[in-house]
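Have a look at the structure below, then the notes.
Atom set for the values below is all heavy atoms of this structure, side chains included, hydrogens, waters and symmetry mates excluded.
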Amino acid sequence: VVMAWLLASTASNKVEAFAVMKILSFLGMVPVAAYFLPEPVQWAAGVTPIYWACKVWWMAAEGDPSWPWLAGPGVVVSAAWILFFSRRFLRVVHH
């Protein structure tokens, strides 16, 4: 949802949409790169919504019982991005 709002609020035609989608494809690499960093530094990748889903999955796969607690920050980060881009989209459309 976040990526869709980002695309809708930044691209004004098909060519710009393809360029934005190309840039967005690199965001999928953020959690992969963060996986190899130590834990305190790894949390910096938490500004991307996809990180939290990956982190929850990694912790659950390792058998860590505290993984449900990370669903909360994931929802908060995603909701903040959705709110930001939906407001930006409405500003762009109404101008």
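- If you take CE on Met21 and NZ on Lys14, they are separated by 12.0 Å, rounding to the nearest 0.5 Å.
- Looking at heavy atoms from C-beta onward, Met59 lies out of side-chain contact with Trp69 at the 4.5 angstrom threshold.
- Between Ala45 and Thr48, the closest heavy-atom pair is O-OG1, 2.8 Å.
- Atom CH2 of Trp67 sits in a sparse spot, with 12 or fewer heavy atoms from other residues, nucleotides or ligands closer than 6.0 Å.
- Using the six-membered ring where Trp is involved, Trp58 and Tyr51 have ring planes that are perpendicular, over 60° apart on the 30 and 60° scheme.
- Taking both residues in full, the closest heavy atoms of Gln42 and Leu37 are given as NE2-O, 3.4 Å, listed atom of the first, atom of the second, then distance.
- Closest approach of Val56 to Ala71, counting heavy atoms only: CG2-N, 4.1 Å.
- Both Trp5 and Val93 sit in one connected hydrophobic cluster of ILVMFWY residues. Membership requires side-chain heavy atoms under 4.5 Å apart, directly or through other members.
- Of all the heavy atoms in Ser9 and Val92, the pair that sits closest is O-CG2, 3.8 Å.
- In this view, Trp57 satisfies the side chain to side chain contact (heavy atoms under 4.5 Å, CB included) rule with no residue, not counting sequence neighbours.
- Under a hydrophobic clustering in which Ile, Leu, Val, Met, Phe, Trp and Tyr are joined whenever their side-chain heavy atoms come within less than 4.5 Å, directly or via other members, Val20 and Val1 fall into the same cluster.
- Cluster membership for Ile50 and Val77, using ILVMFWY side-chain heavy atoms within less than 4.5 angstrom, is not shared.
- Contacts of Glu16 classified as side chain to side chain contact (heavy atoms under 4.5 Å, CB included), with partners at least two apart in sequence or in another chain: Ala11, Ser12, Asn13.
- Heavy atoms only, all atoms of each residue included: Val2 and Pro49 are closest at CG2-CG, 3.9 Å.
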Kindly list each side-chain donor-acceptor pair under 3.5 angstrom involving residues 78-90, sequence neighbours excluded, with atom names and distances?
from: Ser78; atom 1: OG; to: Gly74; atom 2: O; distance (Å): 3.0
from: Trp81; atom 1: NE1; to: Val47; atom 2: O; distance (Å): 2.6
from: Ser86; atom 1: OG; to: Ile82; atom 2: O; distance (Å): 2.9
from: Ser86; atom 1: OG; to: Leu83; atom 2: O; distance (Å): 3.0

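- In this structure, CD1 on Ile23 lies 11.0 Å from CG on Leu7, to the nearest 0.5 angstrom.
- Val30 is connected to Trp43 through a chain of hydrophobic side-chain contacts under 4.5 Å among Ile, Leu, Val, Met, Phe, Trp and Tyr, so both are in one cluster.
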